[in-house]
S.K.: 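For reference, the structure I am asking about is given below.
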Amino acid sequence: MGLLGMALAVAPLSAQTVDVHTHIIIPEYVEVLKAHGAELEETFPLPTWDAERHIAFMDSAGIRTAVLTMPAPQPFYGNVEESAACIRKVNEVSAKVEHNYPGRFRFCAALPLPDVDAAIREAIYALDTLEADGVKLATNSRGQYLGDEELDPLMEVLNERNAVIIIHPHRPTPYPEGIISTTPLAMYEYPAETTRAVVNMLARNVLVRYPNLKVVVPHCGSFLPLALPRMKSILPAMVVQGYMRPIDWEGNLSHLYFDLAGSPTIEVLRSLLTITTPDHILYGSDYPYLPDVVLKGNLERLKQTLASDEELSVYADMFLWKNAERLFINATSGNIPKE
């Protein structure tokens, strides 16, 4: 409880919200992308970021603590050493930011996938030495999707450390070039990509086989509230025909959490509650990808939406800070002892 206690001391008294969906964007990361002509790989420009400006936004919005993660794209262009060095820098800067601003920031470490061995080394270093609060995983790393069998050794390491995993969508592989040139990834492909990756995890019962993991799904669960009923209705026939194995729905879904980045309507919130419980919903802003005034407006609109609904109003504090506080305290207190 130490960091969160300090947060109450240094944040404005009105600040209570915990933001689990924000991004740290450092110059060294941008330089790697520029070296490979990949600044627009995700079909929109990377915003700038610095800690002081982020804190100014948090103070103006009433946000106590923000969880930092590396954005898309994954900085891998065929050179494992380059990717690992870039991601090590991102993680070490993130740890320094967390240290320099007690209680205001936490961070989930990036990993240099698709090289699984390098990712395991970085996960051990980030969680055991840097004391990261979890890890961030791309929906796919150059075609290597969450849930793929080759990631099982990494999942075992993360499971041993009771890790929180924050998922973030990346450009699908392969991708429909003609479509995304008209409609940027964030508008449609990101929700589809997130759904695709989580479905792949469910189909292989990843979260039942590695039960100490907690996975945060972004953007209001993406298309999962629509996809899961269809999956459940079709699965028995697929199992009988030998195309799929049984899925432990309850076991898997109990390990999924959902952030509210994307300014959800009341209909979206009700839909999300068809696949999860109120204690698994978390606030997220997506800072710094939209102007501060837009993000503050989104947060105020969310608060008003919750307050206006008799059923949902009782969950407002849970969604805005209590669930996130509980998730990260439980996760970090459960990590294996440092040697």
S.K.: Kindly indicate, with the supporting measurements, whether the criterion side chain to side chain contact (heavy atoms under 4.5 Å, CB included) is fulfilled by V164 and F328.
M.R.: CA-CA 8 Å; V164 174; F328 283 100; 4.0 Å; yes

S.K.: Using the test side-chain contact (heavy atoms from CB on, under 4.5 Å), find all partners of E31 that sit at least two apart in sequence or belong to another chain.
M.R.: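 Once residues adjacent in sequence are excluded, the partners of E31 under the side-chain contact (heavy atoms from CB on, under 4.5 Å) criterion are P27.
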
S.K.: Using a 3.5 Å cut-off and no angle test, enumerate the donor-acceptor pairs between side-chain atoms of residues 308-320 and protein atoms at least two apart in sequence or in another chain.
M.R.:
residue : atom : partner : partner atom : Å
S308    : OG   : Q304    : O            : 3.3
S308    : OG   : T305    : O            : 2.9
D309    : OD1  : R270    : NH2          : 3.2
D309    : OD1  : E311    : N            : 3.0
D309    : OD1  : L312    : N            : 2.8
D309    : OD2  : R270    : NH2          : 2.5
E311    : OE1  : R270    : NH1          : 2.8
S313    : OG   : D309    : O            : 3.2
S313    : OG   : E310    : O            : 3.1

S.K.: Evaluate the side-chain proximity of L327 to L282: yes if any heavy-atom separation is below 4.5 Å, no if none is.
M.R.: yes

S.K.: When clusters are formed by joining ILVMFWY residues with side-chain heavy atoms under 4.5 Å apart, either directly or through shared neighbours, do I179 and M187 land in the same one?
M.R.: no

S.K.: May I ask you to decide if N79's main-chain N or O and S83's side chain share a donor-acceptor pair within less than 3.5 Å?
M.R.: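 Not a single qualifying donor-acceptor pair exists.
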
S.K.: Let me check something: do V268 and V20 share a hydrophobic cluster, defined by ILVMFWY side-chain heavy atoms less than 4.5 Å apart, either directly or through other members?
M.R.: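 The answer is no; the residues belong to distinct hydrophobic clusters.
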
S.K.: Is the side chain of R142 donor-acceptor paired with the backbone N or O of F76 at a distance under 3.5 Å, no angle test?
M.R.: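 Checking the backbone N and O of F76 against the side chain of R142, a donor-acceptor pair under 3.5 Å is found.
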
S.K.: Sequence neighbours excluded, which residues qualify as side-chain contact (heavy atoms from CB on, under 4.5 Å) partners of N159?
M.R.: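 For N159 the side-chain contact (heavy atoms from CB on, under 4.5 Å) partners, ignoring immediate neighbours, are Y210, P211, N212, L213.
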
S.K.: Look up atom CG in D279 and atom OG1 in T277, then write down how far apart they are to the nearest 0.5 Å.
M.R.: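 It comes to 3.5 Å.
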
S.K.: Could you please spell out the steps behind the side chain to side chain contact (heavy atoms under 4.5 Å, CB included) verdict for L207 and L256?
M.R.: CA-CA 9 Å; L207 299 177; L256 293 181; 3.5 Å; yes

S.K.: CD/E149 to CG/N200 distance, rounded to the nearest 0.5 angstrom?
M.R.: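 So the gap between those two atoms works out to 11.5 Å.
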
S.K.: At what distance, to the nearest 0.5 angstrom, does CZ of R301 lie from CG of L306?
M.R.: 12.5 Å

S.K.: Please examine the side chains of I281 and L272, heavy atoms only from C-beta on, and report whether any two atoms are closer than 4.5 Å.
M.R.: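 The answer is yes, as the side chains (C-beta and beyond) meet within the 4.5 Å cut-off.
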
S.K.: Going from NZ on K214 to CD1 on I166, what distance comes out if it is rounded to the nearest 0.5 angstrom?
M.R.: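 CD1 of I166 is found 14.0 Å from NZ of K214.
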
S.K.: What do the steps show when you test R53 against D292 for salt bridge (charged side-chain N to carboxylate O under 4.0 Å, His left out), and what is the final call?
M.R.: CA-CA 10 Å; R53 193 163 65 245; D292 291 9; over 6 Å; no

S.K.: Going through the distances and angles, do Q74 and I87 end up as a side chain to side chain contact (heavy atoms under 4.5 Å, CB included)?
M.R.: CA-CA 9 Å; Q74 190 77 351; I87 285 175; 4.0 Å; yes

S.K.: Just jot down the side-chain hydrogen bond (donor to acceptor under 3.5 Å, both in side chains) partners of T183, sequence neighbours excluded, or say none.
M.R.: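 Residues passing side-chain hydrogen bond (donor to acceptor under 3.5 Å, both in side chains) with T183: none at all.
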
S.K.: Between R171 and E41, does a side chain to side chain contact (heavy atoms under 4.5 Å, CB included) hold up when you go through it step by step?
M.R.: CA-CA 8 Å; R171 188 178 72 181; E41 183 176 324; 3.8 Å; yes

S.K.: Is there a path of hydrophobic side-chain contacts, each under 4.5 Å between heavy atoms, that joins V157 and L146?
M.R.: yes

S.K.: Can you sort out the partners of E300 under salt bridge (charged side-chain N to carboxylate O under 4.0 Å, His left out), two or more places apart, ordered by chain and number?
M.R.: K303

S.K.: Do N298 and L290 come within less than 4.5 Å of each other through their side chains, counting heavy atoms only?
M.R.: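 A side-chain contact under 4.5 Å exists here.
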
S.K.: Which side-chain N or O atoms in residues 220-248 pair as donor and acceptor under 3.5 Å with protein atoms at least two apart or in another chain?
M.R.:
residue : atom : partner : partner atom : Å
S233    : OG   : R230    : O            : 2.8
D248    : OD1  : G251    : N            : 2.8

S.K.: So which heavy atom on L295 is nearest to which on S285, and how close?
M.R.: CD2-O, 3.2 Å

S.K.: Side-chain contact, heavy-atom cut-off 4.5 Å: V67 with D133?
M.R.: no

S.K.: Is any side-chain heavy atom of H170 less than 4.5 Å from a side-chain heavy atom of S141?
M.R.: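 H170 does not reach S141 side chain to side chain.
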
S.K.: Answer with yes or no whether the hydrophobic clustering places W321 together with L302; edges join I, L, V, M, F, W, Y residues whose side-chain heavy atoms lie under 4.5 Å apart.
M.R.: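 Yes.
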
S.K.: Considering residues at least two apart in sequence or located in another chain, which fulfil the side-chain contact (heavy atoms from CB on, under 4.5 Å) criterion with V97?
M.R.: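 I24, W49, A51, L68, V93, Y101, F105.
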
S.K.: On a heavy-atom basis, which atom in L40 and which in P45 lie closest, and how many Å separate them?
M.R.: CD2-N, 3.5 Å

S.K.: R209 vs E156, test: salt bridge (charged side-chain N to carboxylate O under 4.0 Å, His left out). Steps then yes/no.
M.R.: CA-CA 9 Å; R209 292 187 292 112; E156 184 173 347; over 6 Å; no

S.K.: Are E82 and P75 packed together at the side-chain level, in the sense that at least one heavy-atom pair is separated by less than 4.5 angstrom?
M.R.: no

S.K.: Hey, could you give me the CG/CG distance between D259 and D286, rounded to the nearest 0.5 Å?
M.R.: 8.0 Å

S.K.: Using the ring pair (Phe, Tyr, Trp, His ring centres under 6.0 Å) rule, collect all pairs that involve residues 245-264, keeping only residues at least two apart or in two chains.
M.R.: Y257-H280

S.K.: Let me confirm one number: the CG-CD distance from L33 to E42, rounded to the nearest 0.5 Å.
M.R.: 9.5 Å

S.K.: Please report the closest heavy-atom contact between S60 and K296, naming both atoms and the distance.
M.R.: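 Shortest heavy-atom separation between S60 and K296 comes out as OG-CD, 3.3 Å.
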
S.K.: Compare every heavy atom of E28 with every heavy atom of K89, then report the nearest pair and how far apart it is.
M.R.: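 That closest heavy-atom pairing would be CE-OE2, 3.3 Å.
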
S.K.: Quick one: side chains of residues 119-127, donor-acceptor pairs under 3.5 Å with protein atoms, not counting sequence neighbours, listed by atom name and distance.
M.R.:
residue : atom : partner : partner atom : Å
E122    : OE1  : R88     : NE           : 2.8
E122    : OE1  : R88     : NH2          : 2.9
E122    : OE2  : R88     : NE           : 3.2
E122    : OE2  : N91     : ND2          : 2.9
Y125    : OH   : E92     : OE2          : 2.7

S.K.: Please enumerate all residues that pass side-chain hydrogen bond (donor to acceptor under 3.5 Å, both in side chains) together with R204, with sequence neighbours excluded.
M.R.: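 In terms of side-chain hydrogen bond (donor to acceptor under 3.5 Å, both in side chains), with neighbours along the sequence ignored, R204 is linked to D152.
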
S.K.: Are side-chain heavy atoms of D19 and R64 found at a separation under 4.5 Å?
M.R.: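 No, side chains not in contact.
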
S.K.: Taking only residues two or more places apart in sequence or in another chain, which ones pass side-chain contact (heavy atoms from CB on, under 4.5 Å) with T43?
M.R.: I180, P184, L185

S.K.: Above 12 or not: heavy atoms from other molecules or residues under 6.0 Å from CZ of F44?
M.R.: yes

S.K.: Can you name the closest pair of heavy atoms from N140 and P172 and give their distance?
M.R.: ND2-CA, 3.8 Å

S.K.: What pairs meet the ring pair (Phe, Tyr, Trp, His ring centres under 6.0 Å) rule with one or both residues in residues 17-38, with sequence neighbours excluded?
M.R.: H21-H23, H21-H168, H21-H219, H23-H168, H23-Y289, H36-Y77

S.K.: Given the rule that I, L, V, M, F, W and Y join up when any side-chain heavy atoms are under 4.5 Å apart, are L154 and V215 in one cluster?
M.R.: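 Same cluster: L154 reaches V215 through Ile, Leu, Val, Met, Phe, Trp or Tyr contacts under 4.5 Å.
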
S.K.: Looking at E98 and R106, what are the two nearest heavy atoms and their distance?
M.R.: OE2-CA, 3.1 Å

S.K.: Do H99 and K96 come close enough that some side-chain heavy atom pair is under 4.5 Å?
M.R.: no

